[in-house]
Each structure stands twice: as C-alpha cells, then as structure tokens.
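All remarks here apply to the structure that follows.
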Amino acid sequence: MPEGDGIVSAKKKKFSKKMKRMACLPASWILMLCAVLIRRLTRERTISLSSSIGNFVYDHLRIRRSMVLSNLKNTFPEKTNLEIEHIARESYHSQVLNLLEMLRIPLIKDARNAREFVSLKACDSFHEVLRNNQGAVVVSGHYCSWEIIGVCTGLLLKPMNFVVKPIKNRYLDKYISSLRTFHGNRVIPKDKALRQGMKALKNGEILVILADQSQRKVDQYIEFLRRRSSVFLGPAFLALKAGVPLFVELSRRNSHGHYELEIIEVQTSDLQCVKEDILELVKRYHKVMEDFILHYPGEWLWMHNRWKRSNQLPLKDF
C-alpha cells in the first residue's frame, strides 16, 4: 500500500472511532428515556410489547435470524422447520423481554416485589451454605430474563457477586451496572474474575458466573448441545481451588409470566484442583445446563454465536 493511502486509512479509522465515542452518550440517553416509558406500563403490557417487538425483529429486521435458525437446526436435527421457527420466535420474545424487564428493575423495591416475579427452589446444601456464610460458585446461563432474576435472587437470598463483561459504551456500562447493583449485588469485571472472585469466595460470598457462551480464550473443548464447543475452565477452577461447592442455577418463565428458579448442587467431593478434574467438573455443569436447554429451548439465547470458535484446533480433543 502506498504511504499516502496508509495515512488516509489511519485518518479514517481515527475519525470512525471518534464518531463512535460521540454516539455513546446519546445512546445512553435514549436507553434511559426508554426506561422511563417502559416503567409506566403494566407488566402485562410489557410482556405483550416484548412479543410484538420480538416478532418485528424476527420477521423484518432479521437480526441474526440465520444464525439462530442454523444453531437450532444443528442442535435439533430431528425437528421440523415449523418447530424450529417456533423455538426461534420464542427466543426472540424472551430476549426482548429480558431487555425491557432490566429497565424495570427500579420498580422492584423489596423481597415482597421479588417474590411476585420469582419462585425459588434451592437444594438443602445451598441453604446450608447461606446459613453458614460459606463461599460458593453458582454457574448459570442466558436463560429468559437473567438480569431481573439476578436482582430478585439477591433480594430473596443474599447479595451476590456477578461476573460481567463490561460494555464498550462506558455510559451504558455505568447505567446498566447501576441496575444490576440496585439492591446490593456487586459486579466483577470479567478480566478480574479470578483474583476478585477468589477473594469473594474466601470471604464467604457467592460468586455467580454465566458460563454458557463462547469465550475469547479457549481453554478446552467439550460436547455441548450435541456439538463440539469451546469452554473456559474458570468457574470449575475457582470452586476447586477455593474448596467451595458449585451449584447450577436454572430458570424458566411459566405461562403466567412468573419465573421458576432451581438451584442444584454439582458433585465435587471426588475432585481435586488438577487439570483433569477441572475439566470433569466443567463437563458436569454443562451437562446440567444442556439438559435444561434441550427441555426448554425457547428460553435460551440462541442468537449468540456460541460455536464460532469450534473450528479452531483444540488443546485436547474431547
């Protein structure tokens, strides 16, 4: 490339970055304005609106629709095209509702309000962890309205630490973090999860990690949702290294719009903090999530490009 063309290209990139930075603040204002409007609606109208928006996005905007359909067909080869489309549409409804209900978080004032949204069934060992103020790792996924569920579980049980990926728009990141921590929950940036997560566990706190997505750093490959899938070992490593139990949180929305949560323990007593056992624990909690997703596929985030790293060379074949 001639030197002059390189200079022009660099200037264009610099200008593009500047324009993106300038758009960050207006984008956050728009979201906050939407939040004010959404909070004026009843929950019934919010659910109805999410279905309408979800249908519009699926039918007309078609955001990631081909990816969603491809993911579903690869996971459910036995299903008809009509069944696949029904699941896809349901997933769009669910993700739009997740956004709208996140904006409605300030309407949840106390545990009584939280119980109007969520019914919680936790295993005895999890209640024992809470009574004894012990540390624990909770692995969850991107099911239904995970944002509002995180706030509700913090109110119904105890404030928790959520590992999150910061949003590039710092204004949006600050606003959404304020919603996530509205009732005492704390957020830990993903790049600080090991250090701060270990500290939280040693202090007897609960660490929640959504571990169902593709990771930039590929530690290993396993079979997940009937396909070769990249995974990272962080949650399993933290649990075994800190010597704390690991639980999986599952959630679904019933026909009345109420969220049903279940927290179950994954066996760790036969494992040590060595590479083979860490991978075994990863497989165990992914199997729990897989069974749930296969049973309630419309609740999951199929529009995430979960298998984009599956064609990379693995460190070790599963």
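Crowding of His304 atom NE2: a count of heavy atoms from other residues, nucleotides or ligands under 6.0 Å exceeding 12. Under a cut-off of 6.0 angstrom, the local environment of CG in Leu82 is sparse, with at most 12 non-hydrogen atoms contributed by other residues, nucleotides or ligands. More than 12 heavy atoms of other residues, nucleotides or ligands shown are found within 6.0 angstrom of NZ on Lys190.
The backbone N or O of Glu249 lies less than 3.5 Å from a partner atom in the side chain of Ser140, making a donor-acceptor pair. Between the side chain of Ser70 and the backbone N or O of Ser66 there is no donor-acceptor pair closer than 3.5 Å. At distances below 3.5 Å, at least one donor-acceptor pair connects side-chain atoms of Ser28 with backbone N or O atoms of Leu25. Using a distance-only test at 3.5 Å, with no hydrogens or angles considered, no donor-acceptor pair links the side chain of Ser52 to the main chain of Ser50. Using a distance-only test at 3.5 Å, with no hydrogens or angles considered, a donor-acceptor pair links the side chain of Asn113 to the main chain of Lys109. Between the side chain of Ser229 and the main chain of Phe224, a donor-acceptor pair closer than 3.5 Å is present. In terms of modelled atom types and a separation under 3.5 Å, the side chain of Ser91 and the main chain of Trp300 share a donor-acceptor contact. The backbone N or O of Glu90 lies less than 3.5 Å from no partner atom in the side chain of Ser94, so there is not a single donor-acceptor pair. Of the possible donor and acceptor atoms, one in the side chain of His286 sits under 3.5 Å from a partner among the backbone N and O of Val282. Using modelled atom types, no side-chain atom of Arg39 and backbone atom of Pro106 make a donor-acceptor pair closer than 3.5 Å.
Pairs engaging residues 90-114 under the ring pair (Phe, Tyr, Trp, His ring centres under 6.0 Å) rule: Tyr58-Tyr92 [sequence neighbours left out]. Screening residues 238-270 for ring pair (Phe, Tyr, Trp, His ring centres under 6.0 Å) gives Phe126-Phe247 as the qualifying pairs, with residues at least two apart or on separate chains. Applying the salt bridge (Lys or Arg N to Asp or Glu O under 4.0 Å) definition to pairs two or more places apart or across chains, those involving residues 92-104 are Arg43-Glu101. Screening residues 121-138 for side chain to side chain donor-acceptor pair (under 3.5 Å), with sequence neighbours left out, gives Ser125-Glu265.
Qualifying side-chain contact (heavy atoms from CB on, under 4.5 Å) partners for Leu194, counting only residues two or more places apart in sequence or in other chains: Phe237, Leu238. Remark: His142 engages Trp146 in a ring-ring contact (aromatic ring centres under 6.0 Å, His included) (not counting sequence neighbours). Residues that satisfy the side-chain contact (heavy atoms from CB on, under 4.5 Å) test with Phe292, not counting sequence neighbours, are Tyr143, Leu250, Arg252, Tyr296. For Asp59, the salt bridge (charged side-chain N to carboxylate O under 4.0 Å, His left out) partners two or more places apart in sequence, or in a different chain, are Arg89. Residues passing the side-chain contact (heavy atoms from CB on, under 4.5 Å) test with Glu44, sequence neighbours excluded: Thr42. Take His60 and apply the ring-ring contact (aromatic ring centres under 6.0 Å, His included) test, not counting sequence neighbours, and it matches Phe56. Under the side-chain contact (heavy atoms from CB on, under 4.5 Å) criterion, Ile167 pairs with Asn169, Leu172, Asp173, Ile176, not counting sequence neighbours.
Between Ile263 and Val248, the closest side-chain pair of non-hydrogen atoms is not below 4.5 Å. Taking the side chain as every heavy atom from C-beta outward, Met102 and Val151 never approach each other to under 4.5 Å. Considering only heavy atoms from C-beta on, Ser119 stays 4.5 Å or farther from Leu261 through its side chain.
Side chain to side chain, Trp307 and Asn74 fail the donor-acceptor criterion of an N or O pair below 3.5 Å. Under 3.5 Å, the side chains of Asn98 and Glu147 contain no donor-acceptor pair of N or O atoms.
A single hydrophobic cluster is not seen to contain both Ile293 and Met67; linkage of ILVMFWY side chains at heavy-atom distances under 4.5 Å, directly or through other members, places them apart. In terms of hydrophobic clustering, with Ile, Leu, Val, Met, Phe, Trp and Tyr side chains grouped at heavy-atom distances under 4.5 Å, Ile84 and Leu294 are assigned to a common cluster.
Geometric assessment of Lys79 against the ring of Phe76 yields a positive cation-pi assignment under the 6.0 Å and 45° thresholds.
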List the atom pairs, with distances to 0.1 Å, where a side-chain N or O of residues 157-164 and a protein N or O form a donor-acceptor pair under 3.5 Å, not counting sequence neighbours.
{"unit_1": "Lys158", "atom_1": "NZ", "unit_2": "Gly204", "atom_2": "O", "d": "3.4"}
{"unit_1": "Asn161", "atom_1": "OD1", "unit_2": "Arg186", "atom_2": "NE", "d": "3.1"}
{"unit_1": "Asn161", "atom_1": "ND2", "unit_2": "Glu205", "atom_2": "OE1", "d": "2.9"}
{"unit_1": "Asn161", "atom_1": "ND2", "unit_2": "Ile206", "atom_2": "O", "d": "3.2"}

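In this structure, Lys283 does not pair ionically with Glu290, as no charged nitrogen and carboxylate oxygen lie closer than 4.0 Å.
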**Message:** Walk me through whether Arg227 and Glu223 qualify under salt bridge (Lys or Arg N to Asp or Glu O under 4.0 Å).
**Reply:** CA-CA 5 Å; Arg227 297 171 69 184; Glu223 184 176 353; over 6 Å; no

Please evaluate residues Arg284 and Asp270 with respect to the criterion salt bridge (Lys or Arg N to Asp or Glu O under 4.0 Å), reporting the C-alpha separation (whole Å), side-chain torsions for both, the decisive distance (0.1 Å), and the verdict. CA-CA 12 Å; Arg284 290 180 185 182; Asp270 59 330; 2.8 Å; yes

